[in-house]
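The structure appears right after this line, and notes come after that.
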Amino acid sequence: MKFGSFLLKRLLLSIFVIFGLSIVIFIIARVVPGDPARMALGPRAPEEVVQRLRQEMHLDKPLPEQYFYWIRGVLSGDFGRSLVTKRAVSEDIKEFLPATMELAIFAGILMAIFAVLLGTLAARYKDTWVDSLIRTLSYFGVAIPAFVAAIIFMLLFGYYWPILPVLSRLSPGIIPPVRITGLLTLDSLIQGNFVAFWDAFKHLILPSVALSLGGLFQEARITRSAMIENIRKDFLSAERGYGIPERVIMFKYLLKPSLIPTVSMMGLDFASLFANAFLVETIFNWPGISRYGISAMMHKDLSVISAVIIVFGAIFVVANIIVDIIVAFLDPRVRLSTSRGI
Amino acid sequence: MINSNLPNNSIAISLVRPKSIFWLNLGKNWYRFSRNTLSIVGLVIVAGIIISAIFAPWITPYPEHAGPFVDFDNTGQPPSLQHLCGTDNMGRDIFSRIIFAFRGALIMAVVVLAIAVPPGALLGLTAGYFQNTWIDAVIMRITDIFLSVPPLILALAIAAMLKPTLMNAMIAVTVMWWPWYTRLVYGMASSVSNEYFVIAADLTGASKFHILFREILPNCLSPVFTKMALDVGWVILIGASLSFVGLGEQPPTPALGQMVSDGSRYMPTFWWMTIFPALAIVLAILGFNLLGDGLRDMFEKRVE
């Protein structure tokens with residue numbers, strides 16, 4: 001099947017990209033001034049102990065050999081040890097990643113729903129006040145950085161109008177659900193713990209809205225222009241000629257092809273959600289991997305920094321493969337041929 | 001008018017390289033640009049920011065406040081006529097500090113784009129002209145690697161590993177910025193190099209250098225300039241994000257992100273310490289976005 005081979009090619013390219021990224025990270029982490037072994041043990045450790053750790057970390061070997069040892073560890077899930085938490089980095093990632101995933105997935109869902117909704121509305125009521133309102137909102141939505149939105153939310157909802165919680169993932173006193181997936185909302189639903197579900201859900205709202213704003217409005221604009229362009233296409237006149245109701249035409253025949261550029265954009269925006277999560281998690285005190293990454297950056301914890309970046313690179317690559325599959329589902333031309341470039 | 005997006009039946013015309021139409025039609029272009037009110041709003045915001053940043057020492061009410069200045073009698077003053085945006089926890093005028101912070105932000109944007117765009121565009125141009133050869137493969141796969149992580153994440157990592165200075169923040173962002181131009185110019189160059197005027201130049205024995213820089217490059221420039229106008233806003237955003245977490249210009253020199261972050265510790269009572277620098281970031285990004293959109297519409301309509 002042609003689409004299968006397209007996907008396979010895409011997959012191979014992704015593996016190459018992650019591999020290249022690991023080399024880039026490794027080089028950046030190694031050209032930094034300072035001795036990782038000395039940094040790990042502190043300035044007062046005796047020289048022979050540092051020397052021993054240096055040997056253990058293979059720092060006395062040439063760079064390519066060091067890379068080989070490091071990547072062998074990474075491939076078997078061993079990212080080394082964190083200087084700050086003193087635990088294996090892979091343990092930390094397992095603990096912190098689900099919180100960020102929950103936030104990003106929720107923000108992604110918000111982004112998708114509202115982008116399509118606002119974009120469709122703006123296209124349907126083109127050149128009316130609805131369109132202008134959405135356009136004005138878009139200009140501001142795109143221009144407000146996630147961390148600025150987060151701070152404004154903190155001010156509004158944390159102090160003036162406290163209807164939504166602004167800190168961490170659960171209120172104190174709520175018994176967290178037993179960890180299955182690590183996504184609190186999902187775990188509490190599975191266990192029928194609706195009190196915890198409602199509380200976790202409320203905690204998700206503000207950070208995820210802050211995260212999704214920029215991408216949301218950008219995609220709404222893309223959806224709008226794609227729909228307006230497709231309205232002029234011949235196949236719509238043909239469908240009107242068949243007497244298909246306008247509502248069906250709008251959603252089934254107009255919206256579906258118009259979503260292709262939006263979905264492609266969403267792949268990129270989903271990745272930048274993780275980037276913005278660095279600041280938003282810090283502000284909302286969200287115990288996720290981005291906050292973990294920021295604290296590692298502040299302490300020059302090289303193995304954690306490299307691990308976090310590799311994890312994000314992997315998420316980005318997977319997100320883009322999923323986007324390709326969705327686009328193929330939306331666009332029969334892609335499904336039936338391999339002509340689409342990468 | 002000579003058109004670069006030629007249909008197949010106009011070979012005779014297309015053998016001539018299109019002239020840069022922008023300068024020939026300056027008045028017409030300005031008319032197109034100015035018809036859109038939002039573009040004008042963008043232009044006014046951008047001009048305001050640039051002019052006030054350049055002349056900051058002369059137009060700000062308290063230029064000495066953009067440094068190690070302390071006035072404990074006037075700490076935490078709310079916005080008033082003396083202090084338009086209030087004063088911070090050291091009694092410094094926030095309005096003056098914002099204007100001075102625009103300086104750092106603009107310098108960063110100009111330096112990053114000036115260093116990142118030429119090599120990025122050059123790589124894209126080369127890869128686009130030699131498409132489907134190993135040169136194309138090597139350049140574009142390396143570009144893919146850099147595009148595989150959002151620029152903010154790698155910029156944060158690089159800036160964190162170096163010492164926290166404005167200089168290092170600029171280095172970190174520059175390293176992340178060139179691939180976007182490589183990809184943009186690559187797309188343009190690979191389509192332009194199949195145009196008849198390029199083939200004609202090749203057949204008449206023009207050198208590779210001539211074809212790359214005199215035939216192809218001029219036809220790739222308008223999207224590059226449009227993207228640069230848009231990117232000034234995004235570089236300011238990334239710079240503000242870096243300085244928000246403490247990587248970038250260090251106190252007492254003001255930086256937008258750093259002012260937002262410092263002020264947020266005094267919320268909600270002293271809300272102006274955070275909100276006005278935050279609004280300044282929004283205003284700058286908004287201005288450059290509107291301007292960039294206006295430029296894009298202007299260049300795109302030219303083709304019609």
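Hydrogens, waters and symmetry mates are skipped; everything else that's a heavy atom, side chains included, is used. Labels below follow one simple rule: chain letters A, B, ... track the order of the sequence lines, proteins then strands, and each chain is numbered from 1.
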Do B/V282 and A/P145 touch side chain to side chain, with heavy atoms closer than 4.5 Å? yes

What's the shortest heavy-atom distance between A/F16 and B/R141, and which atoms? CE2-CB, 3.4 Å

Tell me the closest heavy-atom pair linking A/M297 and B/I153, and the distance in Å. CE-O, 4.1 Å

Of the backbone (N, CA, C, O) and the side chain (C-beta and beyond), which part of A/Y139 lies under 4.5 Å from a heavy atom of chain B, both, or neither? both

Looking at chain B, which one of A/I283, A/I151, A/I315 has the largest number of heavy-atom pairs inside 4.5 Å, strictly under? A/I151

Atom CD1 of A/I294 and atom CG of B/L156: how far apart are they, to the nearest 0.5 Å? 5.0 Å

As a quick check of understanding, evaluate side-chain contact (heavy atoms from CB on, under 4.5 Å) for B/I281 and A/F147, giving each step before the final call. CA-CA 11 Å; B/I281 298 173; A/F147 74 95; 4.0 Å; yes

Using a cut-off of under 4.5 Å on heavy-atom pairs, state which of B/G257, B/G287, B/A278, B/S261 scores highest against chain A. B/A278

Please flag which part of A/I144 lies under 4.5 Å from any non-hydrogen atom of chain B: side chain, backbone, both or neither. both

Check whether A/F19 gets within reach of chain B through its side chain, its backbone, both or neither, counting any heavy atom under 4.5 Å. neither

Atom pair CG/OG of A/L155 and B/S264 - distance to nearest 0.5 Å: 10.5 Å

For A/F316 and B/S148, the nearest pair of non-hydrogen atoms, with its separation, is CD2-O, 3.0 Å

Under 4.5 Å from any heavy atom of chain A - which part of B/A284: neither

Heavy-atom nearest pair, A/A143 first then B/I285, reads O-CD1, 3.5 Å

Residue B/F95 excluded, over 12 heavy atoms near CZ under 6.0 Å: no

Looking at CZ of A/F140 and CG of B/L283, how far apart are the two atoms once the value is rounded to the nearest 0.5 Å? 8.5 Å

Chain A contact via B/F288 - which portion, at a heavy-atom distance below 4.5 Å: neither

Taking the side chain as every heavy atom from C-beta outward, state whether A/M298 and B/V245 have any atom pair closer than 4.5 Å. yes

Closest-packed option against chain A by number of heavy-atom pairs under 4.5 Å, given B/V149, B/L279, B/I142: B/V149

Measuring heavy-atom distances to chain B, does A/I25 have an atom under 4.5 Å in its side chain, in its backbone, in both, or in neither? side chain

At a heavy-atom separation under 4.5 Å, does A/I18 approach chain B through its side chain, its backbone, both, or neither? neither

Atom CD1 in A/I28, atom CG in B/L162: separation rounded to 0.5 Å? 9.5 Å

A/R135, CZ atom: more than 12 neighbouring heavy atoms under 6.0 Å: yes

Side chain, backbone, both or neither: which part of A/V142 has an atom under 4.5 Å from a heavy atom of chain B? both

So do B/D144 and A/L13 actually touch side chain to side chain, heavy atoms under 4.5 Å? yes

Would you compute the distance between atom CG of B/L38 and atom OG1 of A/T136 and round it to the nearest 0.5 angstrom? 7.5 Å

Interchain contact, B/L247 with chain A, by part (heavy-atom threshold 4.5 Å): side chain

Quick one: pull up CG in A/L279 and CZ in B/F244 and give me the separation to the nearest 0.5 Å. 6.0 Å

